[in-house]
Visitor: 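To start, I am sharing the structure in question, which I have written as structure tokens.
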Amino acid sequence: MSKVATRFAPSPTGPLHIGGVRTALFNWLFTKSQGGDFYLRIEDTDKERSKDEYKDQIIKSLKWIGIEYDGDEYIQSKKIDNHIKVANELLKNGYAYKCYCSNDEIEEQKKRAKQKKIPYIYNRKWRDKEESAAPKNIEPVIRFKSKIEGSTILKDLVQGDVQIENNTIEDFIILRNDGSPTYNLSAAIDDQQMKVTHIIRGDDHKINTFKQMQIYLAMKWELPYFAHIPLIHTTEGKKLSKRDKASTLDDYSKIGIMPEALRNYLLRLGWSFKDKEIFTLDESIKHFNLEGIGKSPSKLDISRILSMNEHYIKNISENDLFDRFNNYCKNYKEKIETNKEDKIKKSLSFLKNKAKSLEDIYNNSKYIIFDEVSFDENDLKLIDNKAKTIIKDFYDEISKQEEINKNILEPIINSLIKKHETNFKGVGQPLRIALTGSKFGPGIYDIIISLGKLDIEKRLSKIVK
RNA sequence: GGUCCCUUCGUCUAUCGGUUAGGACACAUGGUUUUCAUCCAUGAAAGAGGGGUUCGAUUCCCCUAGGGACCGCCA
């Protein structure tokens, strides 16, 4: 077979969710590992439901996670003339036929099948009928003349050999009565036109494959390889759908998940390479293969995503992390003032140690980002009179200092503990609340040093009055 | 209901006939730490059930159970 080519073919009828992204990722990784081409095909033949905003969202999502497609995106609706041409050719060669059943007639059959609890399958009424028997007032649909005898084996690269009786595949419609092509026709033709060698997609398409294979065969085209990957399930064990919460990339981006973390997580969801958990981009490309894909569906686990994210937060450079964080704040929170940038940058070394997400960093650095500290009622109660005198003493000591560093701070704190006959918490907690408005956060030394003398005096003076 | 697929710790998974069934996340406990964390150590935690095949099955086969996907003039 020629140069490897794969494609990701979403329909722009809703936002791309994380399951689709994984499918795209697997296609892309496989292609890159084979030195092939990866294409994006927008399947927008459903005029009613296809929206440009979804197309844009799909492209944006792929870009965000670092998947690049070769060439321009292939817009399926621009190719329907060709699809119709092929349909007519199939018709001419006896692989398809016109079906004059009315909608009502079909609906009636479906209803009856449901009542009798037998599977509905189109009864092939017009398969061998003479054209002359056609009613005048009905625009026909074109159906593919599906095989009735025998069985077909799909040699699936993930699922192994899947055998199905041919008569379970109905004479599916390839051209609607308005003359427009349907999915199975368009997809098969475009895959062939684009010279796609490996079709890697969700296993919800498995039955479609048997239909599309027949089109390939009827047109005497060389069959591509197929690989059907198991779907991602929600925690409840159901197929991930566009309606699910936390399913789009933006849902993850806005809680501060970084693209490489999600990419790494998605890679390991349903695919493995020995015991390896962390994959750089190059390693993913190097090691990815179809053999490593499992056959059972896997569930989404947010705590693993978070922990993967934590790993990347701790392992990328602080400059890089700052840029991400800066961007994150701009997009989803409060833009960081230029004069705060340096303080944040310097504080990243300790901020990142307690963060699983960029949002965590944001929450822990609010005391730097905002000049005004907002207090929680209950926290404020913890600053009693004794605490106030401690803060006052601390304030006085700080005022005497030229600059503040750990060497200066340590003896001050220690002497306060001694003087007030308390422990570290007795000093640290009120100070923390006074300076940040929160009981939690970075170490108190880190807070004090990162704030600097001026800010400390400003904040403490409000408490001490 | 029909067709097809799946089934190892709670979760993601390793194992390609012989392992004390391994790792990661989460969880629990202890240590470090000045809160919360980080970090370190330790622990609990799995082959759905039943039959075969085999000297030996998590691994191969069958049945049962459970779960999932598909069953559109959607893609």
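Reminder, nothing fancy here: chain letters follow the sequence lines and each chain counts from 1.
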Visitor: Do any side-chain nitrogens or oxygens of A/K110 fall under 4.0 Å of OP1 or OP2 in B/rC73?
Guide: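 Answer yes for this pair, as a side-chain N or O of A/K110 is under 4.0 Å from OP1 or OP2.
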
Visitor: When you measure from the centre of the six-membered ring of A/Y225, is the NZ or CZ of A/K155 closer than 6.0 Å and no more than 45° off the axis?
Guide: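 Because its charged atom misses either the 6.0 Å distance or the 45° angle limit, A/K155 does not stack over A/Y225.
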
Visitor: Does the pair A/D171/A/R127 count as a salt bridge with the N-to-O cut at 4.0 Å?
Guide: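 Yes, this pair counts.
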
Visitor: Are A/T45 and B/rA75 close enough that a side-chain N or O sits under 4.0 Å from OP1 or OP2?
Guide: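 Answer yes for this pair, as a side-chain N or O of A/T45 is under 4.0 Å from OP1 or OP2.
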
Visitor: Measuring only the C1' atom in each nucleotide, how far is B/rA14 from B/rA46? A whole number of Å is fine.
Guide: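 Rounded to whole Å, the distance is 13 Å.
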
Visitor: Any side-chain N or O of A/R432 below 4.0 angstrom from OP1/OP2 of B/rU34?
Guide: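 Answer is no, no contact under 4.0 Å.
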
Visitor: What is the distance, rounded to the nearest whole Å, between atom CG of A/N315 and atom P of B/rU38?
Guide: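 After rounding, the reported distance stands at 15 Å.
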
Visitor: Regarding A/D203, tell me which of base, sugar-phosphate or nothing describes its non-hydrogen contacts under 4.0 Å with the strands shown.
Guide: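 The answer is sugar-phosphate, as A/D203 gets under 4.0 Å only of primed atoms, P, OP1 or OP2.
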
Visitor: Can you check the A/N208 CG to B/rC74 P distance for me, whole Å?
Guide: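 That distance rounds to 13 Å.
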
Visitor: Could you work out the separation of B/rA28 and B/rG50 based on their P atoms and round it to a whole Å?
Guide: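 Here B/rA28 and B/rG50 have their P atoms 33 Å from each other.
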
Visitor: Using the C1' atoms only, state how far B/rA48 lies from B/rA65, rounded to an integer number of Å.
Guide: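 My reading of the C1' atoms in B/rA65 and B/rA48 gives 8 Å.
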
Visitor: Does A/K295 put a side-chain nitrogen or oxygen below 4.0 Å from OP1 or OP2 of B/rC6?
Guide: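 So the side chain of A/K295 is within the cut-off, an N or O lying under 4.0 Å from OP1 or OP2 of B/rC6.
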
Visitor: Under the 6.0 Å and 45° cation-pi test, does A/K145 pair with A/Y95?
Guide: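 Relative to the ring axis of A/Y95, which defines the angle, A/K145 lies outside at least one limit.
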
Visitor: Any salt bridge between A/D190 and A/K79, counting N to O under 4.0 Å?
Guide: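 Result for this pair is no, no salt bridge flagged.
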
Visitor: Please tell me which of the listed nucleotides, B/rA69, B/rA75, B/rU13, lies nearest to the side chain of A/S272?
Guide: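 Among the listed nucleotides, the one closest to the side chain of A/S272 is B/rU13.
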
Visitor: Mind checking if A/I207 touches a base, just sugar-phosphate, or nothing, with heavy atoms under 4.0 Å?
Guide: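 The residue A/I207 makes sugar-phosphate contact but no base contact.
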
Visitor: I'd like the C1' distance from B/rA26 over to B/rC60, given in whole Å.
Guide: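 Here B/rC60 and B/rA26 have their C1' atoms 34 Å from each other.
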
Visitor: Under a 3.5 Å cut-off for both distances, is B/rA75 Watson-Crick or wobble paired, and to whom?
Guide: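 Its partner: none found.
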
Visitor: Please give the nucleotide sitting opposite B/rA65 as a Watson-Crick or G-U wobble pair, both distances under 3.5 Å, or none.
Guide: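 Base-paired to B/rU7.
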
Visitor: Does A/R304 put a side-chain nitrogen or oxygen below 4.0 Å from OP1 or OP2 of B/rG23?
Guide: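 Negative; the distance criterion is not met.
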
Visitor: Looking for any heavy atom pair under 4.0 Å, which part of the strands does A/Q429 touch: base, sugar-phosphate only, or nothing?
Guide: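 Nothing, no heavy atom under 4.0 Å.
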
Visitor: Give one of base, sugar-phosphate or nothing for A/G441, where a contact means two heavy atoms less than 4.0 Å apart.
Guide: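 Touches a base.
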
Visitor: Verify the ring-centre separation between A/F144 and A/F172: is it less than 6.0 angstrom?
Guide: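 Aromatic pair counts; centres sit under 6.0 Å.
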
Visitor: In whole angstrom, what separates A/H83's NE2 from B/rA75's P?
Guide: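 Value for this atom pair: 11 Å.
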
Visitor: Using whole Å, report how far NZ of A/K206 lies from P of B/rA75.
Guide: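 That distance rounds to 22 Å.
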
Visitor: With a 4.5 Å limit on heavy-atom distance, are the side chains of A/R143 and A/C99 in contact?
Guide: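 A/R143 reaches A/C99 side chain to side chain.
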
Visitor: Give me the distance, rounded to whole Å, that separates B/rA45 from B/rU8 when you measure between the C1' atoms they each carry.
Guide: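 Rounded to whole Å, the distance is 12 Å.
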
Visitor: Taking only N and O in the side chain of A/T13, is any of them less than 4.0 Å away from OP1 or OP2 of B/rC74?
Guide: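 A/T13 to B/rC74 OP1/OP2: no side-chain N or O under 4.0 Å.
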
Visitor: Whole angstrom is fine here: how far is it from NE2 in A/H311 over to P in B/rA26?
Guide: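 Between P of B/rA26 and NE2 of A/H311: 13 Å.
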
Visitor: May I ask you to verify whether the side chain of A/D301 and the base of B/rC12 hold a donor-acceptor pair under 3.5 Å?
Guide: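 Looking at the base of B/rC12, it does not pair with any donor or acceptor on the side chain of A/D301 (distance under 3.5 Å).
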
Visitor: Answer yes or no: is there an ion pair linking A/K352 with A/E310, defined by an N-O contact shorter than 4.0 Å?
Guide: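 No, A/K352 and A/E310 are not salt-bridged.
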
Visitor: Under 4.0 Å, heavy atoms only, any strand: does A/Q163 hit a base, just the sugar-phosphate, or nothing?
Guide: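 Here A/Q163 touches the backbone only, sparing every base.
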
Visitor: Rounded off to whole Å, could you give me the CG-to-P distance for the A/L306 and B/rC27 pair?
Guide: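 It is 11 Å, rounded to the nearest whole Å.
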
Visitor: A/H205 near the nucleic acid: base, sugar-phosphate alone, or nothing, with a heavy-atom cut-off under 4.0 Å?
Guide: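 It contacts base atoms.
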
Visitor: Using the P atom on both, measure B/rG17 against B/rG52 and round to a whole Å.
Guide: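 Between the two P atoms, the distance is 22 Å.
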
Visitor: Please work out if A/Y445 contacts a base, only the sugar-phosphate, or nothing of the nucleic acid, heavy-atom cut-off 4.0 Å.
Guide: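 Contact class for A/Y445: base.
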
Visitor: Rounded at 0.5 Å granularity, tell me how far CZ in A/R459 sits from CD1 in A/I447.
Guide: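 Answer for the CZ-CD1 pair, A/R459 versus A/I447, is 10.0 Å.
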
Visitor: For nucleotides B/rC63 and B/rG2, find the distance between their P atoms and express it as a whole number of Å.
Guide: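 15 Å, rounded to whole Å.
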
Visitor: Quick one: is the NZ or CZ of A/R268 closer than 6.0 Å to the six-membered ring centre of A/F279, and within 45° of its axis?
Guide: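 Checked: cation-pi criterion not met.
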
Visitor: Below the 4.0 Å mark, does B/rA37 have OP1 or OP2 next to a side-chain nitrogen or oxygen of A/K352?
Guide: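 It does not, given that no N or O in the side chain of A/K352 lies less than 4.0 Å from OP1 or OP2 of B/rA37.
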
Visitor: Just checking A/N423: base, sugar-phosphate only, or nothing, at a heavy-atom cut-off of under 4.0 Å?
Guide: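 Counting heavy atoms under 4.0 Å across all strands, no contact is made by A/N423.
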
Visitor: For A/P10, which contact category applies under a 4.0 Å heavy-atom criterion: base, sugar-phosphate, or nothing?
Guide: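 Touches nothing.
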
Visitor: Please report, rounded to the nearest Å, how far the P atom of B/rC73 is from the OH atom of A/Y100.
Guide: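 Spelled out: OH on A/Y100 to P on B/rC73 is 18 Å.
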
Visitor: What's A/K439 touching, base or sugar-phosphate or nothing? Going by heavy atoms closer than 4.0 Å.
Guide: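 Base: the residue A/K439, judged by heavy atoms under 4.0 Å, touches a nucleobase.
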
Visitor: For a quick check of understanding: with a heavy-atom distance under 4.0 Å over all strands, which category does A/L269 fall into, base, sugar-phosphate or nothing?
Guide: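 Answer is sugar-phosphate: A/L269 comes under 4.0 Å of backbone atoms only.
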
Visitor: In whole Å, what separates the P atom of B/rC40 from that of B/rA24?
Guide: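 Straight-line distance between the two P atoms is 11 Å.
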
Visitor: Mind checking A/K211 for me? I need base, sugar-phosphate or nothing, with any heavy atom below 4.0 Å counting as a touch.
Guide: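 Answer is nothing: A/K211 stays at 4.0 Å or more from every strand.
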
Visitor: Mind checking A/G294 for me? I need base, sugar-phosphate or nothing, with any heavy atom below 4.0 Å counting as a touch.
Guide: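 Touches nothing.
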
Visitor: What is the distance, rounded to the nearest whole Å, between atom NZ of A/K125 and atom C1' of B/rC73?
Guide: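 From A/K125 NZ to B/rC73 C1': 16 Å.
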
Visitor: Does A/T182 place a side-chain N or O at less than 4.0 Å from the phosphate oxygens OP1/OP2 of B/rC74?
Guide: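 No, because none of the side-chain N or O atoms of A/T182 sits under 4.0 Å from OP1 or OP2 of B/rC74.
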
Visitor: Contact class for A/V162 (heavy atom, under 4.0 Å): base, sugar-phosphate, or nothing?
Guide: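 Result for A/V162 = sugar-phosphate.
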
Visitor: Using Watson-Crick or G-U wobble geometry with both distances under 3.5 Å, which nucleotide pairs with B/rC27?
Guide: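 B/rC27 is paired with B/rG43.
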
